[in-house]
Every structure is written in structure tokens, then in C-alpha cells.
Amino acid sequence: MRKKIAVLPGDGVGREIAKGAIAVLKAVGKRFGHEFSVEFAEIGGAAIDAHQTPLPEETLKLCRNSDAVLLGAVGGPKWDQLPSHLRPERGLLAIRKELGLFANLRPVIGFQSLLESSPLKPEIAENVNLMIVRELTGGLYFGKPSERRGENQEVVVDTLLYTKAEIERIVEKAFELAMIRRRKLTSVDKANVLESSRMWREIVNEKAKEFPQVEVQHMYVDAAAMKLVSHPRDFDVVVTENLFGDILSDEASMITGSLGMLPSASLRSDGFGLYEPVHGSAPDIAGKNKANPLAMILSAAMMLKYSFDLRTEAESIEQAVQEVLNAGYRTSDLQTAEGITVGTDQMIELVVQRIEEGSAISSIMGAYM
Ligand code: IPM
Ligand code: MN
């Protein structure tokens with residue numbers, strides 16, 4: 001198979017971890033006989049510096065002419081004082097919107113060997129395997145905000161806006177995922193307060209008729225936040241509005257021990273996707289060879305699975321990551337009593353080595369990531 005991948009390293013640790021995804025894809029290509037070519041473009045702060053805009057037209061063009069997109073992370077203190085329409089984060093929101101990537105899949109899978117890195121008790125964090133399906137191109141992130149003029153402004157508005165069609169397509173995607181997983185769907189909302197949530201609920205109930213095998217549950221977002229850390233194993237697929245999904249996915253990452261472990265896929269209905277770690281650009285550790293590259297590497301695995309249907313290849317990456325963790329290697333975000341602390345580059349090298357060694361693939365993730 002031949003595929004062209006647009007790589008947008010972005011800012012901060014994004015640049016270091018993007019190298020990891022590329023090295024891993026190279027190793028997979030060599031082992032399984034595929035050709036993955038990569039082309040780079042800027043996004044976020046790096047794009048502001050080079051082109052005075054967080055999402056240059058040529059970056060979008062490259063993405064549109066590629067088979068998939070890998071993205072590192074955006075943002076940093078250097079650009080924090082810019083007006084909101086010029087901030088690096090704006091580039092990320094714009095690329096999601098421009099490419100129509102409405103379905104954000106954030107799998108939360110606890111690695112057995114990382115149990116002691118989780119702040120939760122092992123008996124709670126053990127065997128968690130859930131998938132947050134976050135609506136990504138609507139809701140509070142995209143309602144037209146009121147303009148802020150002058151220093152004495154006393155009123156400000158953000159709008160939570162959804163069309164019926166936008167809710168229907170994300171809910172349908174979540175039902176489809178539930179069907180290939182454990183057939184349980186939790187829809188998270190705030191229907192005791194928000195009108196948009198009441199419509200969300202109605203649509204979920206309507207869609208449920210098409211998927212009678214899926215057990216459906218509605219949960220308020222505050223209760224869901226609590227249950228995620230008290231009974232995380234009770235969840236299979238969780239579907240929710242953009243901002244709720246943003247918050248819940250950071251919370252859920254702690255089950256796995258570190259935000260540095262969580263990959264994500266942002267998909268369009270035709271399977272085209274952008275793949276990025278859930279974590280941000282971590283300016284405090286940028287350039288220090290300290291970042292955990294595993295979320296980025298696992299995002300590349302999701303790309304192979306979701307955009308290219310290369311399941312065995314994706315599992316070879318997941319397995320390599322698992323083996324490296326089992327062998328005790330940890331980046332510094334995953335401090336353990338007995339682990340061997342390694343830097344970003346060494347972690348990448350360890351995963352690459354194991355892919356190249358090519359041990360037989362046993363589907364350890366349950367093929368759910
Ligand atoms: C994420 C990030 C982004 C978001 C930020 C950087 C705009 O937190 O991907 O979760 O809020 O969506
Ligand atoms: Mn976030």
C-alpha cells in the first residue's frame with residue numbers, strides 16, 4: 001500500500017513526538033511492505049511565526065491532497081497574548097472545521113503495566129477500556145462569541161449551538177462504534193439545565209431504535225465526571241458535546257496514568273482523518289527530550305486502523321508499546337518505583353526496535369483502540 005501523510009508537528013513537544021510517529025511508520029512500512037511518504041506543514045504558533053496565521057492556506061491544501069493527517073500539538077506562552085482569532089489554538093479548531101472532522105474518538109485503555117502510575121486504586125483502574133466520542137466541530141467551541149470591546153465590558157456571551165443533523169451524525173457514529181465493541185452507549189449531557197441537551201437526548205432515543213442491540217444510558221455530565229473515577233469499567237462508548245468531551249477526556253486520561261498515553265482520531269464520514277495526541281504542547285518540557293511520545297505513536301496506529309484499514313500493522317505498534325512498557329521503560333510523566341526512566345528519543349527507539357524485531361502479533365488491545 002502507498003499512502004501520503006501530511007505531518008503538522010505544531011509547537012512545543014509536538015515537534016519531538018511527531019518524529020516518533022514517523023519513525024514508527026517507517027518501521028511498519030519496512031516490516032509489512034508499505035510505502036508511507038510524509039510531507040510537512042506548519043500549524044499553530046509555528047505557522048503564526050512563519051505566515052502570520054495559525055492555519056495557512058498551504059497547510060490546508062497539503063491536508064486535502066493527503067490520505068491522512070498527523071498532528072503534534074499547538075500553543076505556547078509565546079503566543080498567549082495574541083487576540084483570540086490569532087491564537088495557535090484557533091488553527092486547530094479551524095483545521096477540524098475545514099476538514100469536516102466531526103467525530104473525535106478518544107480511546108482510554110489501561111495498560112496493565114502502568115497500573116501503579118494511575119492515581120486511582122489499581123482495583124478501580126484495572127481493565128478499563130472505554131471510548132469517548134466527542135463531537136468536534138460544533139457546540140460551545142463554535143457558537144459565534146460576542147465580541148469583546150474595551151476594558152470595561154461587563155457582559156460576554158458564548159453560544160452552544162447544534163443543528164439536528166450535527167447531533168444525528170455523531171450519535172450514529174457512536175452507535176456504530178458501540179456495535180463493534182461491548183454494545184453499551186452512555187450519552188452524556190446536562191439535560192436538567194440545557195435545552196441543547198434535551199434535543200441531544202431525544203435524538204439519542206430516536207437513533208436507539210435503529211440499534212436495538214445497544215444498551216443506552218443517559219447521564220448528566222457532573223455525574224459522569226464522578227463515575228469516570230469511581231467506576232470507569234462501567235463505561236464502553238461515551239458520546240457527548242464538544243466541551244464536555246474535552247473535559248471528560250482529560251479526566252479519563254488519569255485512569256491510564258498519564259495524559260501522555262492518550263491517542264485520538266478525528267474523522268469525517270468518509271473515513272478521512274486527522275490523528276493527534278490528546279495532550280497539548282507542554283511548553284514547560286519542550287525541547288528537553290522529556291515528552292512521552294506514546295500518545296502520538298498510538299495515534300499513528302489509529303491512523304493505520306481507521307483510515308487505511310491496516311489492522312495487523314496497527315496492532316504491531318500497540319504490541320510494541322505494550323512490550324516496552326512491560327519491560328519497565330517509562331518517560332518521566334510515568335514515574336514508578338522500579339521503572340527505567342528514558343527520554344523521548346530513547347522511547348521512540350525502543351518501540352521502533354520492537355516493531356522491527358517483528359514478534360508474532362497477538363491482539364492485546366482487544367482491537368478496540
Ligand atoms: C484538545 C485540546 C484542544 C481542545 C485545545 C488545544 C484547543 O485541549 O484537543 O483536547 O480544546 O479541543
Ligand atoms: Mn483538551
Side-chain angles (χ1 to χ4, degrees), residues 8-15 17-18 21 42-48 53-55 59 63 69-80 82-108 130-143 145 158-160 162 166 170 188 221 224-225 228 238-256 258-267 273-286 291-292 295-296 298-299 302-303 333:
L8 318 180
D11 309 314
V13 299
R15 311 193 81 78
I17 59 175
E42 299 294 2
I43 191 168
I48 294 172
T53 165
L55 181 61
T59 299
C63 295
V69 184
L70 282 176
L71 191 148
V74 300
K78 181 173 175 197
W79 307 281
D80 270 352
L82 291 172
S84 64
H85 70 282
L86 270 180
R87 286 179 62 104
E89 290 80 1
R90 201 44 69 169
L92 187 54
L93 301 188
I95 199 172
R96 289 169 177 172
K97 190 77 171 177
E98 289 288 332
L99 298 176
L101 309 169
F102 69 91
N104 185 215
L105 278 43
R106 299 188 156 183
V108 180
L130 61 91
M131 169 87 80
I132 296 179
V133 180
R134 169 187 176 195
E135 201 292 324
L136 201 61
T137 53
L140 262 175
Y141 275 59
F142 290 95
D158 284 296
T159 317
L160 202 176
Y162 272 120
E166 282 174 323
I170 190 71
V188 171
V221 63
L228 261 180
V238 175
V239 65
T240 192
E241 186 267 339
N242 202 342
L243 181 64
F244 295 162
D246 178 50
I247 298 168
L248 293 181
S249 54
D250 267 35
E251 185 194 6
S253 76
M254 280 296 114
I255 303 166
T256 70
S258 170
L259 190 52
M261 292 300 302
L262 247 60
S264 85
S266 304
L267 305 175
L274 176 151
Y275 300 83
E276 59 171 322
V278 172
H279 66 72
S281 61
D284 52 324
I285 57 164
N292 183 345
M296 181 83 244
L298 291 169
S299 299
M302 287 188 87
M303 177 184 79
D333 55 314

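The figures here come from the full heavy-atom set of this structure, side chains too, leaving out hydrogens, waters and symmetry mates. Along the sequence shown, the residues carry numbers beginning at 1. In each ligand, atom 1 is the first atom listed, and ligand 1 is the first ligand listed.
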Quick one: do the S249 and R106 side chains pair a donor with an acceptor below 3.5 Å?
-> yes

For the backbone of S281 and the side chain of D11, can you confirm whether one donor and one acceptor N or O come within less than 3.5 Å of each other? no

Which of I43, L55, V74 passes side-chain contact (heavy atoms from CB on, under 4.5 Å) with P88? It is V74

Quick look: H279 vs ligand 1, heavy-atom contacts under 4.0 Å, and the answer is neither

heavy-atom search around atom 4 (C) of ligand 1 in the protein gives Y141 OH, 3.5 Å

Per-atom filter on ligand 1: closer than 4.0 angstrom to a heavy atom of R96 are 1 (C), 4 (C), 9 (O), 12 (O)

The Mn ion (ligand 2) -> D246, closest N, O or S atom is OD1

Closest non-hydrogen contact found for L105 with M131 is CB-SD, 3.8 Å

* Should E42 and R15 be marked as a salt bridge (Lys or Arg N to Asp or Glu O under 4.0 Å) after you check the CA-CA gap, both sets of side-chain angles, and the distance that decides it? -> CA-CA 10 Å; E42 299 294 2; R15 311 193 81 78; 3.6 Å; yes

Counting heavy atoms under 4.0 Å, the part of R90 that contacts ligand 1 is neither

**Prompt:** Is D250 close enough to the Mn ion (ligand 2) to have an N, O or S atom under 2.8 Å?
**Reply:** no

- Item | Charged tip of R134 within 45° of Y141 ring normal and under 6.0 Å | yes

shortest atom 10 (O) of ligand 1-to-protein heavy-atom contact is with D246 OD1, 2.9 Å

**Prompt:** Mind checking whether R87 has a heavy atom under 4.0 Å from ligand 1?
**Reply:** no

Heavy-atom nearest pair, N104 first then S266, reads ND2-OG, 3.2 Å

Ligand 1 atoms nearer than 4.0 angstrom to some heavy atom of R134 are 1 (C), 4 (C), 9 (O), 10 (O), 11 (O), 12 (O)

Of E89, E276, R106, the one whose closest heavy atom lies nearest atom 1 (C) of ligand 1 is R106

